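What you see is a predicted model; the values in this text were computed from it and never measured.
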Amino acid sequence: MCYGKCARCIGHSLVWLAILCIVANILLYFPNGETKYASENHLSRFVWFFSGIVGGGLLMFLPAFVFIGLEQDDCCGCCGHENCGKRCAMLSSVLAALIGIAGSGYCVIVAALGLAEGPVCRDSLGQWNYTFANTDGQYLLDTSTWSQCTEPKHIVEWNVSLFSILLALGGIEFILCLIQVINGVMGGICGYCCSRQQVRAVKIDTTAKRTTPQQNHDLPLFHCNLYILLVLICKTLY
């Protein structure tokens, strides 16, 4: 199994999932395409938690770009070990995956709470409230009760559809980041894979180095560890 290619595939998938989360969250602010309900604060409180924009969206770009760049990453090749850089890069991706797990988990939790509580709407008495807040989510199974919300029109369908999309997208992101945690640990421990052509090239290069005397530029282990620490800090900041 090629750990780098797997991480790259996960990274590209996370980018598209993050974009979809942002779009779904933005649509929640405009029921039926109208802006007045947001300005009048007649939206569910969970819409304002920015779960899709921040948790499943912007926060997900960090691990996504880290995963995409893993195949070209070499954080400690200076140690003289050709596979060392790839291994520590895979291990550092675990930290990025944990950030993705936190963001996607936040998106899933908020979306689930938004579904359970239901939307803010005007009931038959003309009052704005959470009409389905005391149903413990049972209103989702009884569509005949959705007519209790008279304004905005089709607000229940709007809320249920978009929060369900956020719940599903966040769940997929969570699973992908969890897979990358396992993939990163295995790639760091078992070694970074390469193609047969790369293996042959490494063998030929190694043979040439053995026959040609050259100066050893290996750095002490302390320098390598310091280099790894600096790279991890840079990845966290940027």
Side-chain angles (χ1 to χ4, degrees), residues 1-26 49-79 81-112 165-195 198 219 221-238:
M1 176 182 179
C2 194
Y3 304 107
K5 290 183 179 180
C6 178
R8 186 178 180 86
C9 180
I10 291 175
H12 284 296
S13 299
L14 288 178
V15 170
W16 290 109
L17 290 170
I19 294 174
L20 291 175
C21 279
I22 291 174
V23 172
N25 200 156
I26 291 175
F49 281 28
F50 305 107
S51 61
I53 295 177
V54 178
L58 299 178
L59 199 61
M60 204 57 56
F61 286 127
L62 173 61
F65 291 139
V66 170
F67 301 160
I68 291 173
L70 276 179
E71 283 189 316
Q72 290 77 35
D73 208 347
D74 188 5
C75 66
C76 54
C78 64
C79 295
H81 303 286
E82 296 176 2
N83 207 30
C84 174
K86 298 300 184 181
R87 285 179 180 238
C88 80
M90 290 298 295
L91 288 174
S92 66
S93 72
V94 175
L95 298 178
L98 293 177
I99 295 176
I101 288 176
S104 58
Y106 175 71
C107 180
V108 168
I109 292 172
V110 173
I165 291 174
L166 286 176
L167 182 64
L169 294 176
I172 296 173
E173 289 174 340
F174 186 91
I175 293 173
L176 289 177
C177 288
L178 188 60
I179 292 174
Q180 180 53 32
V181 170
I182 300 173
N183 183 52
V185 172
M186 292 183 65
I189 295 176
C190 302
Y192 194 89
C193 74
C194 54
S195 64
Q198 289 174 320
L219 294 180
L221 182 60
F222 170 78
H223 289 176
C224 182
N225 292 334
L226 180 60
Y227 189 83
I228 295 173
L229 179 61
L230 291 175
V231 170
L232 292 178
I233 293 174
C234 291
K235 284 182 177 293
T236 303
L237 294 177
Y238 297 100

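For Ala18 against Glu173, the heavy-atom pair with the smallest separation is N-OE2, 3.4 Å. Contact record, Cys177 with Leu14: SG-CD1, 4.0 Å, taken as the closest heavy-atom pair. Nearest heavy atom pair, residue Cys107 against residue Gly170, reads SG-CA, 4.3 Å. When all heavy atoms are compared, the tightest approach of Gly56 to Met60 is O-CB, 3.7 Å. Across Gln180 and Ser93, no two heavy atoms sit closer than the pair NE2-OG, 3.1 Å. Residues Cys21 and Gly57 come closest through the heavy atom pair CB-N, 4.4 Å.
For the atom pair CD1 (Ile189) and CE (Met90), the distance works out to 11.0 Å, reported to the nearest 0.5 Å. To the nearest 0.5 Å, atom CD1 of residue Ile53 and atom CG of residue Asn25 are 4.0 Å apart. Summarising the geometry, atom CD1 belonging to Ile175 is positioned 12.5 Å from atom OG belonging to Ser13; distances are rounded to the nearest 0.5 Å. Between the CG atom of Leu169 and the CZ atom of Phe174 there is a distance of 15.0 Å, given to the nearest 0.5 Å. With values rounded to the nearest 0.5 angstrom, Ser51 atom OG is found 10.5 Å from Ile109 atom CD1. In this structure, CD1 on Ile10 lies 10.0 Å from CG on Leu178, to the nearest 0.5 angstrom.
Looking at heavy atoms from C-beta onward, Phe61 lies in side-chain contact with Ile19 at the 4.5 angstrom threshold.
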Before you tell me yes or no, could you show the steps for Phe49 and Val54 under side-chain contact (heavy atoms from CB on, under 4.5 Å), namely the whole-Å CA-CA distance, both residues' side-chain angles and the distance that decides it to 0.1 Å? CA-CA 9 Å; Phe49 281 28; Val54 178; over 6 Å; no
Evaluate the criterion side-chain contact (heavy atoms from CB on, under 4.5 Å) for residue pair Ile99 and Leu95; output intermediate values, then yes/no. CA-CA 7 Å; Ile99 295 176; Leu95 298 178; 5.9 Å; no
Could you go through Ile165 and Leu20, starting from their C-alpha distance and side-chain angles, then the distance that decides it, and tell me whether this counts as side-chain contact (heavy atoms from CB on, under 4.5 Å)? CA-CA 9 Å; Ile165 291 174; Leu20 291 175; over 6 Å; no
Yes or no on side-chain contact (heavy atoms from CB on, under 4.5 Å) for Leu176 and Phe67, after CA distance, side-chain angles and deciding distance? CA-CA 11 Å; Leu176 289 177; Phe67 301 160; over 6 Å; no
